[in-house]
Amino acid sequence: MSKKYESVIGLETHIELSTNTKMFCGCKLSFGEESNVHTCPVCLGHPGSLPVVNKKAIEYAIKIALAVNCKIREYTIFHRKNYFYPDQAKNYQISQYDLPLGVGGYLDVDMGDYVRRVGITRVHMEEDTGKLLHTGRTGRISESVASIVDFNRGGTPLIEIVTEPDIKSPEEAKEYLIRLRNLILYRGVSNCNMEEGSLRCDANISVKKVGEERIGTKTEIKNLNSFKFLQKGLQYEIERQTNLLESGGKVIQQTRHYDNNTNMTKVLRSKEEAHDYRYFPEPDLVPMHIESKVVDEVRCTIGELPAEKAERFEKEYNLPKYDSSFLSNDKKVARYFEDCCKLYSNAKNISNWIMGDFSALLNKEGIDINDSKIKPANLASMLKIIDGGKINSKIAKSVFEEMFKTGESPQVIIEKMGLEQISDGGLLEDIIEEIIKENPGTVKQYKNGKKKAIGFLIGRVMARTKGKANPKMVNEIMTKKLK
Amino acid sequence: MRKIERKDIEHIAKLAELDFSDGELEKFTVQLDRILDHVARISKVDTEKILPTSHVIEIKNVFRDDIVKKSIPKEDALKNAPEVSDGGFKVPKID
Amino acid sequence: MTAHELHNMLVKKEISCADIAESVLSRINRVESKTNSYIRVEKEKMMEEAAAVDEYIGRGGRIGDFTGIPIAVKDNICTKDIITTCASRILKNYIPIYDATVIKKLKEQRYILTGKANMDEFAMGSSNENSYFGNVSNPWDTERVPGGSSGGPAASAAAGEAVCSIGSDTGGSIRQPASLCGVVGFKPTYGAVSRYGLIAFASSLDQIGPLTRDVEDCAGLLNVICGHDENDSTSINRKNPDFKSFLKDDVRNMRIGVPAELMVKEIDAEVKSTVNAALLKLEELGAKVEEISLPNLKYALSVYYIIAPSEASSNLSRFDGVRYGHRNKEAKTLREMYKKSRSEGFGDEVKRRIMIGTYCLSAGYYDAYYEKAQKVRTLIIDDFRKAFKKYDVLISPTSPTTAFKAGEKLDDPLTMYLSDICTIPVNLAGLPAVSIPVGLSPEGSLPIGLQVIGDILREDNVLKAAYNIERAVGFDKKPNIL
């Protein structure tokens, strides 16, 4: 991007809730099942059927609205958004319009050297559409001759989170989305699985000359459905708009589609073709009066947010800031850490292992900490064994790997593999004497003042003992013998 | 109120996904203009400080528990469909 | 005969359900070709079910008020596995996959479904001339309309093609045809009867109700169909009263208001005089009758013809040829398919209202039309609220005229819409109201109906007034159709 221009970005994020049933009927939520098996007169839009609001969905929506610091409206209603499309069973979507559930929130996005506060305009509830399968070789709508509709997803509770145009770069947009996703995962109200489409993102974006007050003409970009695509799509669009302006052209207000194969955005429709949704209050549903008492109750059930947790970790466990935020970022990791802390007192040691070897192994295997075979109790007892001097930290690495593979306790592994540290002074003295005898040259060098040569001799001892020698004791005995 | 013109009717027909012949468009333009002109008499009613009716009966907070109810059999879902393909509702090319 | 008379005979074993079904069926065979009350008559099923109910009674099964009673159901109420068309080509072959809540309740009574009654397409009309399945004729004079949109339910009940029937009322669709056909037609308080399974016309106005030959049957059917339903969020959650308990012989000190706005110049003189005569009788019985003014009622028609089409335009967008209903098979693209299917599937009046409604909701017009109408609606509701502080019920004619000739108003939608000026305000305010026959026009020997309106959930007052008027007037005329 040319340095002369800056971008103004607002995001609209859709999140499918993980309730048991759909927004307005009792059909089960599902993914990847046989088509049209989770439907009923309501979610198929059959004549005469009527919607009834899922209470849990409202509760979850309140949780999300609170997570992004929104005020919960006391009086909120559903509207109908009218437009024809085959994935919509009624040709209107039950959504919210001018009286959304949550308004006026914000989310602080930590960018390392600065924090960007992103305003949240609104959080509202609606229903998801069914899925379209386009026939034809490519599966693309433009090349298909027909489409097939599956209504399993139709009616899934959906939350839309709309930001103010406060985001200044694709990187901030990405960080915002990561942060938002973590927050929602934390609340356990959605699985936020981007591949399955339970978290989807659209963006409004414009560019303007640096320092200029007036915001430029914006375009809306659809289908930015992964962190990578969000960043790349926005980068592409910023470049496209900047190039247009640089070459004396104008940005046209339009809706564009991001194609992740070509990494380009393409026109979907112009402003003139924009929908006239003919919103009006949904007469089949009654208003919701959400009392502050109810909001407080929900607030009580949600527990602390990642930022709050990180702060607590810092204080309670005396951890560095980096460790605290790493551990609290993922709710499951945080719980694992705290479970270990109940069994073992040196929190920093636990943190080091989780952030180091443990994370590396988890990443390599692509699994969650909860799915790992190492239970908190085993990690805690391994740390105690190290402290007790029974094994050294180098041996501990192999013990840990074995624990990761088999799930066995460290005691069993140490015994089975004969990894117990040699701390028997007499035995060590014998081995050291042997090594001194075998390496007269090195001993001579040492005695001539080349103090570093001791490292080689200690290394020989460790090799002979297959790393099991207590390094501290070897060092002491060796130094004494060489005098 | 503004007089209803043929282009208004064409625009509305597009929104409503309806197709009219020239004759029908003419007829509807005249009829809708008369009807809308008649109903527009409410514009003179003073409604300042008056809230629009949302529901005639004051009911609020009607919710359903999040309990799964048995869905209908797939055959029933597709039973009335004009065209079925691969277990779904088939529609012509989306334009 | 009425349902309660037949019920007594069933209890005394003087008659069997098969007897009743057979007599209704023979009546249908005799007059259906003249009235066209039905879109579909369930001849075989009727006899089968009657036999099954007889067997059930023989086993000692409980005989409810409507057990074994043949009832016609308007064809906009979903009946599982029985074609439900809404009198539209677009649903010509539609087979509902579920029963409407009222149908479930009637089935619990073990009623006998005579068939699906004819109506104006999607309940839009006041003359039953908008049905894809042909006009319905008035049993009193087959040259004339039965009223609408529940023309079939009214005509079938009047002509004896059913003992009673179930209709729906959005702006007068039960009461106006009841008036024109000389039967009792009741629109309950909005939310008293579940709308689940009623194919929506205008969601905030639609309400299901009975059409019967007397007030007692009306109260009996209300006992069956009223009640809270968790499938309808707008349904009122309260314990059902026994509607029959309100049929008491006493109107002393009942306070009756007669809205001047419903006695205007559009009302025929013979209608006014007949209604006035009935009011005099009530006064003789000790009721207090006064004229009052509800000034905003004059806007009701305008408000209605904005709100109802607006809601309808949205409700009817689901008919798109994708999941059910008529589809144009030649269309090459989706939009073409939508347009052709809908244009072929809907009749003129339906299209007209979809167009009006779409316009009223469209960008730039919403505030001036839809929102403005909802504000004026608030004023109308306030007028009623004030009136009910002073009066127990309000009384007016049901229809400005007696049954008019078929074709008479067909070319002029606006004049046709005026047929509902007395009934529309009631739907806008969600009130309960009944139409009962109070006499025949001196000229044409056509029935004239009187409307009793009550406050929200005050069906008790409405039924009580209607019951007393019925007894005082003693209307016992039958249509002369053979």
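Within every chain, numbering begins at 1; the chains are lettered A, B, ... in the order of the sequence lines, protein sequences first and strands thereafter.
Side-chain contact between Y338(C) and D19(B): absent, with no pair of heavy atoms (C-beta onward) separated by less than 4.5 Å. Between K375(C) and L51(B), the closest side-chain pair of non-hydrogen atoms is not below 4.5 Å. Side-chain atoms of L32(B) and R352(C), non-hydrogen and from C-beta on, do get closer than 4.5 Å to each other. S302(C) places a side-chain heavy atom less than 4.5 Å from the side chain of H38(B). Put simply, the side chain of E24(B) reaches to within 4.5 Å of the side chain of K351(C), judged on heavy atoms. At a threshold of 4.5 Å between non-hydrogen side-chain atoms, the residues V91(B) and R327(C) count as touching. Using a 4.5 Å heavy-atom threshold, the side chains of F319(C) and E17(B) count as separate.
Contact annotation for S362(C): only side-chain heavy atoms (C-beta onward) come within less than 4.5 Å of a heavy atom of chain B. Of the two parts of S341(C), neither the backbone nor the side chain holds a non-hydrogen atom closer than 4.5 Å to a non-hydrogen atom of chain B. With a 4.5 Å cut-off on non-hydrogen atoms, Y98(C) does not touch chain B at all. Contacts of S313(C) with chain B are absent, with no heavy-atom separation under 4.5 Å from either backbone or side chain. With a threshold of 4.5 angstrom between heavy atoms, K372(C) approaches chain B through its backbone and through its side chain. The contact between Y365(C) and chain B is made entirely by side chain atoms (from C-beta outward), counting heavy-atom distances below 4.5 Å. Heavy atoms of E371(C) lying under 4.5 Å from chain B belong to its backbone as well as its side chain. Proximity to chain B (any heavy atom under 4.5 Å) is restricted, for I456(C), to the side chain, taken from C-beta onward. Within the 4.5 angstrom heavy-atom criterion, no atom of N328(C) approaches chain B. Residue contact with chain B, scored on non-hydrogen atoms closer than 4.5 Å, involves the backbone and the side chain of I236(C) alike. Only the side chain of Y417(C) comes within less than 4.5 Å of a heavy atom in chain B; its backbone stays farther off. Looking at K27(B), only its side chain comes within 4.5 Å of chain C, counting heavy atoms on both sides.
Remark: side-chain polar atoms of T53(B) are paired, donor with acceptor, to backbone N or O of Q374(C) under 3.5 angstrom. With T333(C) contributing its side chain and K93(B) its backbone, the two residues share no donor-acceptor pair below 3.5 Å.
Atom NZ of K79(B) has more than 12 neighbouring heavy atoms from other residues, nucleotides or ligands inside a 6.0 Å radius.
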